[in-house]
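In what follows, residues are counted from 1 in the order of the sequence shown.
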Amino acid sequence: MAVFSKSQVPQFSVEVYQNEYLPEGGREVNAIVTVTSTGGGTSGGAPLLGASPSPSYIPGQAPGAAVVIMVDCSGSMDYPPTKMRNARDATAAAIDTLRDGVAFAVVAGTHVASEVYPGGGRLAVADAQTRAQAKEALRRLSAGGGTAIGTWLRLADRLLSSSDVPIRHGILLTDGRNEHEAPEDLRTALEANAGRFTCDARGVGTDWEVKEVTGIASALLGTADIVADPTGLAADFTSMMENAMGKEIADVALRLWTPVGVEIKFVKQVAPTVEELTGRRTEVGPRAGDYPTGSWGDESRDYHVCVQVPQAGIGQEMLAARVSLIIPAADGGAPEVLSQGLVKAVWTDDMVASTSINPQVAHYTGQAELAQVIQQGLDARKSGDFDGATAKLGRAVQLAADSGNRDTAKLLSKVVDVVDAATGTVRLKAKVAEADEMTLETRSTKTVRVKK
């Protein structure tokens with residue numbers, strides 16, 4: 001794990017939004033923790049790791065970031081033949097987006113994983129020559145064979161591990177289901193690679209399994225999306241690589257310390273997407289645990305922390321939790337604390353104060369429910385429970401309207417006819433394009449922030 005000095009990292013800030021007042025007997029404390037990272041290379045601060053042109057990169061020095069692109073080359077990528085060509089073009093576009101000094105490799109994925117460039121179990125360092133060589137090597141990509149994504153991820157990990165860099169990232173494209181290895185093989189690969197590198201996953205066309213692709217991105221703290229039309233791959237790959245190039249610091253953890261008697265109910269990311277983190281806690285000492293957040297560039301994310309405090313009398317107050325952003329020390333010593341915020345609890349007999357719901361908490365509680373009812377509604381629809389699907393998707397329409405989540409509302413309108421958004425009254429559409437249903441499911445966890 002890399003060790004960073006103060007001058008190498010962007011500036012982090014932590015803001016806590018909560019209603020700290022509880023009624024007599026009240027025990028549940030909710031807070032939205034907004035974490036913002038600023039001052040990296042994209043905003044005039046410290047240089048990006050691996051960025052160029054920049055005086056921070058000197059040819060021949062060790063790279064600061066590494067990326068492996070995994071391209072599905074299974075037989076289905078030849079139907080239609082333009083799909084494979086679009087995948088090659090997209091990979092070439094991603095390679096063009098690599099900045100000088102970034103280590104990289106391209107892997108062809110079928111029922112086995114094969115190195116396409118540079119080969120020999122190593123990574124190339126991006127410059128004009130290696131980018132040209134890599135794009136030439138893409139000509140060898142052809143479709144044939146099965147799909148075993150766990151093997152692709154294992155090879156990516158071996159390649160990324162061969163370079164001593166702080167930022168390790170994968171980009172994975174698939175067009176089919178993971179049919180040539182057991183489900184537990186993929187789960188084992190994801191568990192083994194969690195925390196070792198981040199990975200964005202994309203499904204192209206409509207013959208892949210949404211839960212597989214979103215599960216890969218979730219486990220490896222990346223993004224997931226659908227590219228229903230293969231002609232859109234190049235733009236999507238370019239965007240993904242630009243985002244990867246903007247990462248400045250890896251292995252940032254959200255550290256939660258709680259006093260004696262306080263129980264953690266859940267910790268989840270709620271913006272820009274909903275991501276459950278409760279089960280990913282790593283114990284680091286008495287009453288303290290770390291939750292992984294992956295790599296950061298110039299960006300802002302929101303987290304919902306819910307704890308249960310001991311009962312206390314009117315007028316008493318306590319620290320319910322301390323939330324810190326930290327970089328763990330490589331040698332297991334004291335971490336570098338980037339920023340921190342406090343979650344408090346105060347007991348009062350003022351009913352107005354104790355029953356008021358913080359707008360941030362209320363908003364994100366609704367956004368988390370929105371993601372949940374979309375999944376439940378689509379699952380019910382697939383199983384033939386149309387009444388259940390109508391109820392759940394109607395509730396989703398209502399929540400999307402209430403929160404101003406226009407993108408999700410638009411996706412829902414392709415699956416249901418909206419009679420009254422305010423009450424959640426909808427009718428299931430008799431015919432739904434598979435791409436529309438998969439897009440809604442894939443993007444169901446995307447959230448919007450509180451309306452100002």
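In this structure, the side chain of Thr97 engages the main chain of Ala93 through a donor-acceptor pair within 3.5 Å. Within the 3.5 Å criterion, the main-chain N or O of Ala400 finds no donor-acceptor partner in the side chain of Thr408. A donor-acceptor pair under 3.5 Å is formed between the side chain of Ser383 and the backbone N or O of Ala380. With Arg287 contributing its side chain and Thr258 its backbone, the two residues share a donor-acceptor pair below 3.5 Å. Side-chain atoms of Ser74 never come within 3.5 Å of backbone atoms of Gly145 as a donor-acceptor pair (strictly under, hydrogens ignored). A donor-acceptor pair under 3.5 Å links the side-chain atoms of Arg140 to the main chain of Val116, judged by distance alone. Put simply, the side chain of Gln375 gets close to the backbone of Glu441: a donor and an acceptor are under 3.5 Å apart.
For Tyr303, the side-chain hydrogen bond (donor to acceptor under 3.5 Å, both in side chains) criterion is met by no residue, not counting sequence neighbours. Under the rule for a side-chain contact (heavy atoms from CB on, under 4.5 Å), the partners of Leu190 that lie at least two apart in sequence or sit in another chain are Leu153, Leu186, Ile216, Ala219, Leu220. Here Glu212 pairs with nothing under the side-chain hydrogen bond (donor to acceptor under 3.5 Å, both in side chains) rule; sequence neighbours left out. Residues passing the side-chain contact (heavy atoms from CB on, under 4.5 Å) test with Glu283, sequence neighbours excluded: Arg281. When the side-chain hydrogen bond (donor to acceptor under 3.5 Å, both in side chains) test is applied to Asp436, no partner is found at least two apart in sequence or on another chain. Listed by chain and number, the residues in a side-chain hydrogen bond (donor to acceptor under 3.5 Å, both in side chains) with Glu299 are Lys247, Arg301 (sequence neighbours excluded).
No side-chain heavy atom of Val14 sits less than 4.5 Å from a side-chain heavy atom of Gln340. The shortest side-chain heavy-atom distance between Ile249 and Pro10 falls under the 4.5 Å cut-off. Considering only heavy atoms from C-beta on, Arg88 comes within 4.5 Å of Arg85 through its side chain. Counting only heavy atoms from C-beta outward, the side chains of Asp96 and Met241 never approach each other to under 4.5 Å.
Arg122 and Glu115 are not joined by a salt bridge, as no carboxylate oxygen comes within less than 4.0 angstrom of a charged side-chain nitrogen. Ion pairing of Asp379 with Lys392 is absent here, as no side-chain N (NZ or NE/NH1/NH2) approaches a carboxylate O to less than 4.0 Å. At a threshold of 4.0 Å, the pair Asp407-Lys446 does not count as salt-bridged, since none of the basic side-chain nitrogens sits closer than that to a carboxylate oxygen. Between Arg168 and Asp251, no side-chain nitrogen of the basic residue sits less than 4.0 Å from a carboxylate oxygen of the acidic one, so the salt-bridge criterion is not met.
Among residues at least two apart or in separate chains, salt bridge (Lys or Arg N to Asp or Glu O under 4.0 Å) pairs with a member in residues 192-207 are Asp157-Arg196, Arg202-Asp236. Evaluation of the ring-ring contact (aromatic ring centres under 6.0 Å, His included) test over residues 228-250, restricted to residues two or more places apart or in two chains, returns none. The stretch residues 256-269 participates, sequence neighbours left out, in these salt bridge (Lys or Arg N to Asp or Glu O under 4.0 Å) pairs: Glu28-Lys265. The ring-ring contact (aromatic ring centres under 6.0 Å, His included) analysis of residues 166-198, with sequence neighbours excluded, yields no pairs. The ring-ring contact (aromatic ring centres under 6.0 Å, His included) pairs that include a residue from residues 256-279 are Phe266-His304, where partners are two or more places apart or lie in different chains. Sorted by first and then second residue, the ring-ring contact (aromatic ring centres under 6.0 Å, His included) pairs with a member in residues 111-161 read Phe104-Tyr117; sequence neighbours excluded.
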Can Thr365 and Glu369 be said to form a side-chain contact (heavy atoms from CB on, under 4.5 Å), step by step? CA-CA 6 Å; Thr365 299; Glu369 184 188 355; 5.9 Å; no
Would Glu179 and Thr147 count as a side-chain contact (heavy atoms from CB on, under 4.5 Å) if you check the C-alpha gap in whole Å, the side-chain angles of each, and the deciding distance to 0.1 Å? CA-CA 6 Å; Glu179 297 176 330; Thr147 305; 5.7 Å; no
Step by step, work out the side-chain contact (heavy atoms from CB on, under 4.5 Å) result for Val29 and Gln18. CA-CA 8 Å; Val29 179; Gln18 68 164 131; 3.6 Å; yes
Evaluate Leu440 against Ile374 for side-chain contact (heavy atoms from CB on, under 4.5 Å), listing each step before the verdict. CA-CA 8 Å; Leu440 174 60; Ile374 288 174; 3.8 Å; yes
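For the pairing with Lys83, the side-chain hydrogen bond (donor to acceptor under 3.5 Å, both in side chains) check across Thr231, Asp175, Asp72, Asp78 returns one residue only, Asp175.
A donor-acceptor pair shorter than 3.5 Å can be found between the side chains of Glu275 and Ser218. Side-chain contact check for Thr445 and Thr273: no donor-acceptor pair (N or O, by modelled atom type) lies under 3.5 Å. In summary, the side chains of Thr34 and Asp302 do present a donor paired with an acceptor at a separation below 3.5 Å, with no hydrogens or angles considered. In summary, the side chains of Asn178 and Glu209 do not present any donor paired with an acceptor at a separation below 3.5 Å, with no hydrogens or angles considered.
Between Gln367 atom CD and Asp402 atom CG the span is 10.0 Å, to the nearest 0.5 Å. Going from atom OG of Ser444 over to atom CG of Leu378 covers 7.5 Å, rounded to the nearest 0.5 Å. Taking CG of Leu233 as the start and CG of Leu173 as the end, the distance is 5.5 Å to the nearest 0.5 Å. Leu98 contributes atom CG, which lies 8.0 Å from atom OG1 of Thr130 (distance to the nearest 0.5 angstrom).
The local environment of NZ in Lys211 is crowded, with over 12 non-hydrogen atoms from other residues, nucleotides or ligands closer than 6.0 Å.
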